[in-house]
Amino acid sequence: QVQLVESGGGLVQAGGSLRLSCAASGTIFSINAMGWYRQAPGKQRELVASITSGVVVDSRAYADTVKGRFTISRDNAKNTVYLQMNSLEPEDTAVYYCNAYGLAMVRSSFNVWGQGTQVTVSS
């Protein structure tokens, strides 16, 4: 099985920064894409940022609410994705989830989620 382990959440004041990490492990052949989602109390889960494998370089996408403040990056050798969050706002408070999908060993696919990490931004 492919598993994701997240870390880096915490409590920060508005304007501060956090860096989330998500490491994938298991029977991985290739990862097509990894992304970060978040879910705030009383709201649906939303996509924050994603990174998709390309022929030469990876393709990145961001939600409008975090453009210019968040940066997604990936270390392919470690099968790890990061989310650098700067200029955090109280509206960013949520549980952040990592997602990854791709091809596993023995001709199978995977689509898995991390356990979630809490990010709380105080005013």
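Position 1 is the first residue of the sequence, and the numbers go up from there. All figures in this text were calculated on a predicted structure; none of them were measured in a lab.
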As an exercise, state the distance from [atom1] of [X] to [atom2] of [Y], rounded to the nearest 0.5 Å.
{"X": "Leu83", "Y": "Ser50", "atom1": "CG", "atom2": "OG", "value": "11.0 Å"}
{"X": "Gln13", "Y": "Thr120", "atom1": "CD", "atom2": "OG1", "value": "13.0 Å"}
{"X": "Leu88", "Y": "Thr93", "atom1": "CG", "atom2": "OG1", "value": "8.5 Å"}
{"X": "Gln44", "Y": "Glu46", "atom1": "CD", "atom2": "CD", "value": "10.0 Å"}

* **Option passing side chain to side chain contact (heavy atoms under 4.5 Å, CB included) with Val48 (candidates Leu20, Thr65, Asp92, Val66)** =>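 Going through Leu20, Thr65, Asp92, Val66 one by one, the side chain to side chain contact (heavy atoms under 4.5 Å, CB included) with Val48 is satisfied by Val66 alone.
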
Looking at [X] and [Y], what are the two nearest heavy atoms and their distance?
{"X": "Thr52", "Y": "Ala33", "value": "OG1-CB, 3.9 Å"}
{"X": "Ile31", "Y": "Ala24", "value": "CD1-CB, 4.1 Å"}
{"X": "Ala94", "Y": "Arg38", "value": "CB-CB, 3.8 Å"}
{"X": "Val119", "Y": "Met85", "value": "CG2-CE, 3.9 Å"}
{"X": "Met34", "Y": "Cys98", "value": "CE-SG, 4.1 Å"}
{"X": "Glu6", "Y": "Gly114", "value": "OE2-CA, 3.2 Å"}

* To do: Mind running side chain to side chain contact (heavy atoms under 4.5 Å, CB included) on Trp36 and Ile51 for me, showing each step along the way?
  => CA-CA 9 Å; Trp36 288 97; Ile51 185 165; over 6 Å; no

* **Stepwise side chain to side chain contact (heavy atoms under 4.5 Å, CB included) check, Asn99 with Tyr37** => CA-CA 8 Å; Asn99 170 259; Tyr37 295 72; 3.9 Å; yes

* Indicate whether the side chain of Ser7 and that of Ser21 have a donor and an acceptor atom separated by less than 3.5 Å. =>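 Distance-only check passes for Ser7 and Ser21.
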
* Asked: Any luck finding a side-chain donor-acceptor pair between Arg74 and Ser53 under 3.5 Å?
  ->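 Yes, Ser53 and Arg74 have a side-chain donor paired with an acceptor closer than 3.5 Å.
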
* Asked: Are any of the side-chain heavy atoms of Asn79 and Ile28 separated by less than 4.5 Å?
  ->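 Yes; the side chains approach each other to less than 4.5 Å.
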
* Heavy-atom side-chain proximity of Gln84 to Ser17 below 4.5 angstrom ->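 Counting from C-beta outward, Gln84 and Ser17 do come under 4.5 Å.
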
* Please, which pairs that meet disulfide bond (SG atoms under 2.5 Å apart) have at least one residue in residues 24-60, sequence neighbours excluded? ->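 Matches after skipping sequence neighbours: none remain.
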
* Asked: What about Tyr82 and Tyr62, same hydrophobic cluster or not, with Ile/Leu/Val/Met/Phe/Trp/Tyr joined at side-chain heavy-atom distances under 4.5 Å?
  ->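 Shared cluster, no.
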
* To do: Using the rule that two of Ile, Leu, Val, Met, Phe, Trp, Tyr join whenever any of their side-chain heavy atoms come within less than 4.5 Å, decide whether Val2 and Leu103 are in one cluster.
  =>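 No, no single cluster joins them.
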
* Asked: Run the side chain to side chain contact (heavy atoms under 4.5 Å, CB included) check on Asp58 and Asn76 step by step: do they pass?
  -> CA-CA 10 Å; Asp58 293 334; Asn76 292 331; 4.2 Å; yes

* Begin from the C-alpha positions of Ile72 and Val81 and carry the test side chain to side chain contact (heavy atoms under 4.5 Å, CB included) through to its verdict. => CA-CA 7 Å; Ile72 189 169; Val81 66; 3.7 Å; yes

* Non-neighbouring partners of Gln39 that pass side-chain contact (heavy atoms from CB on, under 4.5 Å), sequence neighbours left out ->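 By the side-chain contact (heavy atoms from CB on, under 4.5 Å) rule, Gln39 matches Arg45, Tyr97.
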
